[in-house]
Amino acid sequence: MRRLNLLTLLVIVTLVLGACSQAATPTAAPEATKAPEATKAPEATKAPPTDASVGGTEAGARAKGLTELADAYAGKYKGTKVTMTGPFTDEDAVKFNNTIKAFEGATGIDIQYEGSKEFEASIAVRVQAGDVPDVVDFPQPGLLGTFVKQGKVVPVSAAISAGWLKENYLQSWLDMATMTGADGKADMYGVWHRFSGKSQVWYPKKAWDAAGYKIPTTWDELLALTEQIAKDGDPAWCVGIESGAATGWPATDWTEEMMLRTTSLENYDKWVKGELKFASPEVKKAVETFANVWNNDKYVYGGKASIVTTFFGDAPTPMFENPPKCWLHKQGNFITSFFPKEAKAGVDYDFFYMPPVDAQYGKPYLVAGDIMAMFHDRPEVRAVMQFFSTGESVKGWLASAGALSMHNDSQLDWYGDPVERKIAETVKGATSVRFDASDLMPGEVGSGSEWKGFTDYFSGAKDLDTVLQTIDAAWPK
């Protein structure tokens with residue numbers, strides 16, 4: 001019995017030792033399972049991805065220090081409203097509202113936009129009455145500068161870091177947003193949202209190819225083509241400068257194109273600052289260069305008399321009739337918003353660069369743009385302004401055509417219109433670029449006496465010398 005117990009004891013001890021031995025292995029395993037500190041990897045995915053859309057995600061905005069925009073995407077300002085006004089009406093207003101829908105849906109901020117065809121006149125009344133919206137879109141920096149001098153505008157530097165603006169814009173855009181405030185100090189008073197390339201001449205491609213017309217590469221060739229089309233039985237040009245209270249502005253664009261092609265950039269810059277008079281030989285020559293076409297009834301659809309009564313957006317419409325009633329229309333890329341909806345870019349219409357007049361001045365390109373200014377400083381307003389400083393804010397508009405983006409974080413494959421993608425590339429190939437002069441001049445001139453003066457001239461109410469002197473007289477002392 002004792003031998004049996006001893007044997008039993010030995011077996012038990014053996015089993016216990018074996019068990020202990022086997023137990024040692026599994027205890028080591030957990031050590032191994034601790035290793036997956038790698039399981040903390042998922043936390044790493046919470047870090048902002050380097051390729052995040054800056055203006056479209058919380059992570060992207062926070063990575064660039066756009067705090068209020070990031071907070072907006074986090075839902076912090078849900079249910080708030082930001083009022084806004086500007087010149088976007090009709091199709092442009094639809095495209096703008098469609099573009100900001102995604103932002104409104106993601107953040108819960110309601111951007112209440114009210115466009116006006118009488119913007120230039122109405123905004124002055126609203127500012128003086130203390131009824132100005134939170135954000136105002138200015139197509140004329142000069143007009144914005146008027147309110148900056150009055151101390152009505154909040155500096156952008158209060159809401160957006162200089163580092164981000166420098167990263168996402170060419171310096172020239174930042175320079176044009178820098179203005180002198182009521183305190184006499186220079187600061188940045190807006191963010192650029194979209195721009196327009198203006199040096200395009202549009203034509204009805206299908207009919208053009210069938211007629212065998214060639215793209216002119218010089219002003220003389222363009223004049224020869226104009227005469228050829230007249231001999232073929234049509235006026236070459238579709239022209240209209242009617243635009244409500246802003247009637248006359250397309251004529252200022254033509255003047256600027258000719259200033260860039262008939263005199264030096266230095267003279268252009270002096271002209272913008274008021275140092276070169278409208279009544280100077282240089283400016284008068286620029287106006288006469290295109291006026292010789294406009295004042296010829298054989299060259300303009302409807303004749304000279306129709307120019308001041310034709311809405312600028314309707315002016316190119318006869319170009320799309322079959323056969324075309326006019327064949328050439330110079331305008332910014334936004335004009336495609338006014339083309340027939342069924343017209344296809346690159347098929348029914350195309351463009352060529354408005355050719356040089358004098359080769360010594362190269363191939364300049366005229367541009368313009370919209371600058372968003374902040375009149376009230378609240379977190380949700382800052383979020384909207386920060387959004388406008390990103391390419392995401394114009395991405396939808398690029399896809400639907402009618403806008404170009406000056407934001408460095410925008411991409412060429414965002415453009416839905418191959419012609420506009422071509423414009424963006426053409427602008428990059430220009431020998432020089434200058435901003436729309438009338439948009440840079442003081443509001444009294446750029447959106448005042450100049451618009452009215454050219455309307456008076458092309459309506460036949462006043463001669464050119466009188467008009468140019470009248471425009472000069474309106475320059476602020």
Side-chain angles (χ1 to χ4, degrees), residues 53-56 84-104 111 113 115-116 119 135-144 156 160 165 168-170 172-177 188-200 246 249 253 313 331-339 345 365-374 384-417 419-428 433-436 438-440:
S53 170
V54 175
M84 185 176 171
T85 191
F88 301 148
T89 60
D90 303 322
E91 189 69 18
D92 276 353
V94 172
K95 290 184 177 181
F96 174 74
N97 282 315
N98 287 341
T99 298
I100 61 175
K101 270 184 182 176
F103 171 82
E104 292 179 304
I111 300 178
Y113 177 78
S116 171
F119 168 75
V135 176
V136 180
D137 168 27
F138 287 90
Q140 305 96 0
L143 183 56
L144 168 59
V156 166
I160 308 176
L165 293 174
N168 212 34
Y169 290 93
L170 291 175
S172 59
W173 291 106
L174 303 183
D175 292 342
M176 289 187 289
M188 207 172 297
Y189 281 93
V191 292
W192 293 97
H193 178 243
R194 67 161 192 169
F195 84 97
S196 173
K198 297 200 166 196
S199 302
Q200 301 89 219
W249 69 260
D253 280 7
Q331 191 53 276
N333 56 282
F334 70 87
I335 197 65
T336 59
S337 297
F338 294 88
F339 287 176
Y365 219 101
L366 185 68
V367 299
D370 291 90
I371 184 169
M372 305 294 189
M374 181 169 66
V384 171
M385 289 294 289
Q386 291 170 5
F387 177 62
F388 286 144
S389 77
T390 72
E392 190 73 24
S393 67
V394 75
K395 184 177 181 180
W397 207 332
L398 301 186
S400 59
L404 302 173
S405 171
M406 69 280 284
H407 307 89
N408 290 335
D409 65 333
S410 292
Q411 301 171 23
L412 282 177
D413 62 7
W414 289 359
Y415 288 89
D417 183 330
V419 170
E420 291 189 344
R421 190 179 306 121
K422 180 178 160 185
I423 293 173
E425 293 172 341
T426 304
V427 173
K428 290 181 180 178
V433 174
R434 281 296 185 274
F435 200 84
D436 185 305
S438 63
D439 290 348
L440 292 174

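Between T390 and N168 the shortest heavy-atom distance is CA-ND2, 3.8 Å. The nearest pair of heavy atoms linking T99 to G396 is OG1-C, 3.7 Å. Nearest heavy atom pair, residue Y415 against residue A424, reads OH-CB, 4.2 Å. Nearest heavy atoms, P139 versus P141: O-CD, 3.8 Å. Annotation for A177 and W192: closest pair CB-NE1, 3.8 Å, computed over non-hydrogen atoms. Nearest heavy atom pair, residue S405 against residue S410, reads OG-OG, 2.6 Å.
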Verify side-chain contact (heavy atoms from CB on, under 4.5 Å) between T336 and V419, making sure each step is shown before the conclusion. CA-CA 10 Å; T336 59; V419 170; 5.8 Å; no
Candidate pair Q331 and D253, rule side-chain contact (heavy atoms from CB on, under 4.5 Å), full reasoning: CA-CA 8 Å; Q331 191 53 276; D253 280 7; 4.0 Å; yes
Does the pair M374 and V156 meet the rule for a side-chain contact (heavy atoms from CB on, under 4.5 Å), with working shown? CA-CA 7 Å; M374 181 169 66; V156 166; 5.9 Å; no
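Take D137 and apply the salt bridge (charged side-chain N to carboxylate O under 4.0 Å, His left out) test, not counting sequence neighbours, and it matches no residue. For N97, there are no side-chain hydrogen bond (donor to acceptor under 3.5 Å, both in side chains) partners, not counting sequence neighbours. Taking the salt bridge (charged side-chain N to carboxylate O under 4.0 Å, His left out) definition, one finds that D439 meets it with nothing, sequence neighbours left out.
For the pair D92 and R194, the minimum side-chain heavy-atom distance is below 4.5 Å. V135 is listed as a side-chain neighbour of M385, based on a closest heavy-atom distance under 4.5 Å. Side-chain contact between Y365 and Q200: present, with at least one pair of heavy atoms (C-beta onward) separated by less than 4.5 Å. Proximity of I160 to V191: side-chain heavy atoms (C-beta onward) are separated by under 4.5 Å at one or more points. For the pair Y189/I371, no side-chain contact is recorded, criterion being any heavy-atom separation below 4.5 Å from C-beta on. Residues F119 and V136 have side chains in contact (heavy-atom distance under 4.5 Å, counting atoms from C-beta outward). The shortest side-chain heavy-atom distance between D409 and E392 does not fall under the 4.5 Å cut-off. In this structure, the side chains of L170 and M406 stay at 4.5 Å or more apart for every pair of heavy atoms.
Within the 3.5 Å criterion, the main-chain N or O of G402 finds a donor-acceptor partner in the side chain of E420. Side chain of S196 to backbone of A368: no donor-acceptor contact under 3.5 angstrom is found.
Ring-plane geometry between Y169 and H407 is classed as tilted, the angle between the planes lying from 30 to 60 degrees on a 0 to 90 degree scale. Under the 30°/60° scheme for interplanar angles, the aromatic rings of F435 and W173 are found to stand perpendicular. Ring geometry for F88 against W397 counts as perpendicular: the plane angle is over 60°, on a 0 to 90° scale with 30° as the lower cut. Between F388 and F96, the ring-plane angle classifies as tilted under the 30° and 60° cut-offs.
Rounding to the nearest 0.5 Å places NZ of K198 at 11.0 Å from CD1 of I335. Between L165 atom CG and Q386 atom CD the span is 9.5 Å, to the nearest 0.5 Å. Q140 contributes atom CD, which lies 9.0 Å from atom CG of D370 (distance to the nearest 0.5 angstrom).
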